[in-house]
Structures are given as C-alpha cells and as structure tokens.
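A short write-up of the structure that comes next.
Below, each value reflects all heavy atoms present in this structure, side chains not excepted, and no hydrogens, waters or symmetry copies. Letters go in sequence order (proteins before strands), and every chain restarts at 1.
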Amino acid sequence: MAYWLFKSEPDVFSFQDLVDKAGPEEWHGVRNYAARNNMRAMVLGDLGFFYHSVKGKAVVGIAEVVALAHPDSTAHEPGEKVVWECVDIAAVKAFPRPVTLDEIKAEPALAQMILVNNSRLSVQPVTKQEWEHICRMGGL
DNA sequence: GCCAACGTTGGC
DNA sequence: GCCAACGTTGGC
C-alpha cells in the first residue's frame with residue numbers, strides 16, 4: 001500500500017471531472033520516464049492525492065488506483081518506439097477543504113515533499129507521514 | 001507575462 | 001559521453 005500524487009491542470013482535467021466520471025479514468029498523456037516508472041510501481045488499491053496545478057494549486061481530493069500500468073492508448077504515434085504506460089484511477093473523495101501549495105510550503109514537516117522540491121514531476125510518490133499530515137490539514 | 005527548473009535533443 | 005540549446009511546465 002503506497003501513496004502518490006497525481007497532478008493535473010483543472011482546466012484540462014479536474015478532480016470534479018474524475019468524480020463525474022464515476023469510474024475508471026485512464027491517466028494517459030504522461031511523457032516522462034520518472035512519472036511512468038512511478039505508475040509502473042503502483043498496485044491496485046494504492047491511493048493518490050489529486051493536485052490542481054496552475055489554477056488552484058491545491059490538493060483537492062483522493063483517487064484510487066483501479067488498474068495496473070498498461071500501454072497508454074494515446075501513445076501510438078507512428079514510429080514511436082517507447083511504449084508509454086499509465087494506470088487507471090477513480091475518485092475516492094474530495095477534501096472538505098483543499099490543502100493549498102502555500103499551506104504545504106508553510107509546513108516544516110512537508111518540506112521534503114517532491115511537490116515542493118520538484119514541482120514539475122507529474123506523478124510523484126508521497127510518504128505515509130506526508131499523506132497523513134495533508135489528510136489532517138484537509139479535514140479528513 | 002515572465003522566468004527558473006527540468007528533461008530532451010543533437011552536435012561535437 | 002559531454003554539454004549547449006531548446007521546449008515545456010508551472011510557480012510567481
């Protein structure tokens with residue numbers, strides 16, 4: 001059982017979109033090896049924060065891994081040798097109150113988070129301590 | 001809108 | 001194999 005963080009621009013795909021989907025959503029479009037490797041490491045039942053980048057800049061909800069890494073259906077460019085992969089996720093619950101990036105940065109206990117130190121990695125691991133800390137901050 | 005950070009590409 | 005140049009991301 002591991003914890004993760006999925007980043008998305010809400011204008012492109014928001015947590016509400018995931019809630020509305022009410023089922024598996026293929027987390028396609030990731031074109032970064034570190035992020036792909038993180039998805040390969042996921043197992044069914046792993047949980048991940050859903051973070052809104054650019055607009056909102058806050059952890060807004062929790063999602064669950066509902067399908068193991070599989071080929072990204074959008075990665076079929078002609079001649080593309082690399083097979084990108086992705087997991088499927090589904091919404092679990094929204095935070096009663098979103099935890100903003102500012103709040104995370106203000107927490108010494110969260111200073112080691114990848115979100116703080118490498119904001120560009122779109123799929124990140126989160127430690128159990130970080131997970132529980134942010135859940136408390138968000139009212140869960 | 002700007003720019004720093006990061007990852008990738010390509011010349012050498 | 002190194003590194004400069006470039007494109008993209010995302011915070012500010």
Query raised in the report: For F15(A), does its backbone N or O pair with a side-chain atom of H52(A) as donor and acceptor, under 3.5 Å?
Result: yes
Report task. Select base, sugar-phosphate, or nothing to describe what K55(A) touches, counting heavy atoms under 4.0 Å on all strands. Result -> nothing
Report task. Taking only Lys NZ, Arg NE, NH1 and NH2, and the carboxylate oxygens of Asp or Glu, determine whether K55(A) and E9(A) approach each other closer than 4.0 Å. Result -> no
Report task. For L101(A), answer base if it contacts any base atom (sugar-phosphate contacts may also be present), sugar-phosphate if it contacts only those atoms, and nothing otherwise; contact means non-hydrogen atoms under 4.0 Å. Result -> sugar-phosphate
Query raised in the report: So, for F49(A) and I62(A), which heavy atoms are closest and what is the spacing to 0.1 Å?
Result: CD2-CG1, 4.2 Å
Query raised in the report: Among D72(A), V123(A), V65(A), which residue meets the side-chain contact (heavy atoms from CB on, under 4.5 Å) test with W27(A)?
Result: V123(A)
Report task. Answer yes if the side chains of W4(A) and D46(A) hold a donor-acceptor pair under 3.5 Å, and no otherwise. Result -> yes
**Report entry** Boundaries of the chain A footprint along DNA chain B (any atom under 4.0 Å from a heavy atom)
**Finding:** dA5(B) to dT8(B)
